[in-house]
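One-based numbering, in listed order, for ligands and for the atoms of each.
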Amino acid sequence: MTPARPPPPGGGPAVSVVLPTYNERDGIVELVEEILAVGRGAALDLEVVVVDDASPDGTAAHLRHVLGADPAVRIHVRTGERGLASAIRRGIQEARGGTIAVMDSDGNHDPAQMPLMVRCADDFDVVVGSRYVLGGGMLTSRFRYWASYAFNILARVVLGLNIHDNLSGYLVFRRALLDRLDPPSIFHGYGDYAIRFLYQTVRQGGRVLEIPTVYRFRKGGESKTRFFAYFWTYLASVFRLRLTGR
Ligand SMILES: Nc1nc2c(ncn2[C@@H]2O[C@H](COP(=O)(O)OP(=O)(O)OP(=O)(O)O)[C@@H](O)[C@H]2O)c(=O)[nH]1
Ligand SMILES: [Mg+2]
């Protein structure tokens with residue numbers, strides 16, 4: 001079958017799906033298999049780049065045991081370093097695709113939207129899988145849904161961004177976008193990296209498209225998000241961005 005999009009110059013797959021993992025042993029194999037199947041179904045030439053922070057539950061070893069022979073699955077284990085945003089940056093550095101898709105590795109983000117997001121990334125700088133546009137939503141928690149909704153209103157007002165879901169973390173963009181941004185000032189902390197990423201993109205004149213997505217239940221394991229603790233961190237990040245631009 002002919003791939004829907006050509007591989008980038010110099011070879012490698014067209015699309016790299018970056019998955020940061022921490023203690024996701026229970027669901028990671030199922031999710032990676034799902035992503036590969038979605039890719040095949042859409043004739044997308046893709047690789048999956050897993051960045052695991054030496055998860056104590058053996059996420060990386062388990063994935064390697066089941067899918068390690070598949071050249072489309074690449075697993076990087078970081079030792080002595082932890083953090084969602086820095087893991088994503090590492091995944092982007094390891095990625096060989098011209099288009100990058102960043103997804104949660106617990107199954108919250110539905111890979112079914114990814115092919116459409118990849119195609120839209122030809123015309124937009126960043127495509128966001130959004131809970132807060134028509135057709136989007138969150139099956140997991142009503143409280144989290146409305147708390148994030150309220151936070152997003154605040155972020156829109158303070159930052160002047162016309163984006164409904166700044167915290168989604170389900171993002172597709174062309175790798176070349178990063179040449180126009182300042183990755184070290186974006187990829188630190190936790191989910192707030194996504195606010196900085198979108199803010200810098202828009203400040204550079206980039207165009208952002210939101211595609212509806214419905215968050216699913218995680219496939220196993222436990223949440224790493226300490227919502228109340230992160231809420232204050234995210235709030236501080238929004239005001240810091242407004243005041244310093246970083
Ligand atoms: N590599 C790496 N991945 C992480 C780290 N912390 C979280 N993650 C991953 O980041 C993603 C988001 O974390 P979650 O715990 O699912 O956060 P959430 O989606 O806000 O919370 P839930 O709604 O409870 O799932 C998951 O895929 C985690 O495995 C980390 O320190 N390092
Ligand atoms: Mg999650």
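Distances shorter than 2.8 Å separate the Mg ion (ligand 2) from the protein N/O/S atoms D106 OD2, N108 OD1.
You'll find the ring centres of H188 and Y193 outside the 6.0 Å limit. If you look at F173 and F124, their ring centroids are not closer than 6.0 Å.
Stacking of R196 on the aromatic ring of Y199 is not recorded, the 6.0 Å distance cut-off and the 45° axial limit not both being met. For R131 and Y215, the positive end sits near the middle of the six-membered ring, less than 6.0 Å away and at most 45° from its axis.
Between D52 and ligand 1, a contact under 3.5 Å exists for no N or O pair. Remark: ligand 1 and T21 share an N or O pair separated by less than 3.5 Å (distance only, no angle test). Close N/O approach between Y22 and ligand 1 is found [any backbone or side-chain N/O within under 3.5 Å]. Residue contacts with ligand 1: A87 is placed with no nitrogen or oxygen under 3.5 Å of a nitrogen or oxygen of the ligand (distance criterion only).
Applying the 4.5 Å side-chain rule to ILVMFWY residues, one finds L139, F217 in the same cluster as V214. Within the hydrophobic cluster formed by Ile, Leu, Val, Met, Phe, Trp and Tyr side chains joined at under 4.5 Å, directly or through other members, Y22 stands alone, with no partner residue.
Within the 4.0 Å heavy-atom cutoff, M103 does not count among the residues contacting ligand 1. Using 4.0 Å as the threshold, Y215 has no heavy atom nearer than that to any atom of ligand 1. Residue contacts with ligand 1: T140 is excluded, as none of its non-hydrogen atoms falls under 4.0 Å.
Salt-bridge check for R207 with D125: failed, with every basic side-chain N at 4.0 Å or more from each acidic carboxylate O.
Remark: ligand 1 atoms within the under-4.0 Å shell around heavy atoms of L84 are 8 (N), 9 (C), 10 (O), 30 (C), 31 (O). Distances below 4.0 Å separate heavy atoms of G83 from the following atoms of ligand 1: 30 (C), 31 (O), 32 (N). Proximity to V51 (heavy-atom distance under 4.0 Å) selects the following atoms of ligand 1: 1 (N). Within ligand 1, the atoms closer than 4.0 Å to a non-hydrogen atom of E24 are 26 (C), 27 (O), 28 (C), 29 (O), numbered from 1 in the order shown.
The only member of Y149, Y132, Y170 that meets side chain to side chain contact (heavy atoms under 4.5 Å, CB included) when paired with D165 is Y132.
With no hydrogens or angles considered, a side-chain donor-acceptor pair links S86 and R78 at under 3.5 Å. Of the N and O atoms on the side chains of S168 and E210, not one donor lies less than 3.5 Å from an acceptor on the other residue.
Ring geometry for Y234 versus Y230: interplanar angle under 30°, hence parallel rather than tilted (30 to 60°).
In terms of protein heavy-atom proximity, atom 32 (N) of ligand 1 is nearest to D53 OD2, 2.7 Å. Ranking protein heavy atoms by distance to atom 15 (O) of ligand 1, first place goes to K224 N, 2.5 Å. The protein heavy-atom contact nearest to atom 6 (N) of ligand 1 is Y190 CE1, 3.6 Å. Nearest protein heavy-atom neighbour of atom 20 (O) of ligand 1: T225 OG1, 2.6 Å. In this structure, atom 19 (O) of ligand 1 lies nearest to the protein heavy atom N108 OD1, 2.8 Å. In terms of protein heavy-atom proximity, atom 21 (O) of ligand 1 is closest to S223 OG, 3.3 Å. Protein heavy atom closest to atom 16 (O) of ligand 1, with residue, atom name and distance, is D106 OD2, 2.6 Å.
Looking at R218, R82, M138, it is R218 that brings a heavy atom closest to atom 14 (P) of ligand 1.
Residue R144 touches ligand 1 through its side chain alone, judged by heavy-atom distances below 4.0 Å. Looking at P20 against ligand 1, both its backbone and its side chain come within 4.0 Å, counting heavy atoms.
With hydrogens and angles disregarded, a donor-acceptor distance shorter than 3.5 Å links the side chain of D70 to the backbone of A72. With T244 contributing its side chain and R246 its backbone, the two residues share a donor-acceptor pair below 3.5 Å.
Closest of all the heavy-atom pairs between F197 and L181 is CE1-CD1, 3.7 Å.
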Under 3.5 Å donor-acceptor pairs involving side-chain atoms of residues 25-32, not counting sequence neighbours:
unit_1, atom_1, unit_2, atom_2, d
D26, OD2, G221, N, 3.1
E30, OE2, K219, NZ, 3.0

Derivation of the salt bridge (Lys or Arg N to Asp or Glu O under 4.0 Å) call for R216 and E34: CA-CA 14 Å; R216 311 180 302 182; E34 193 181 358; 2.9 Å; yes
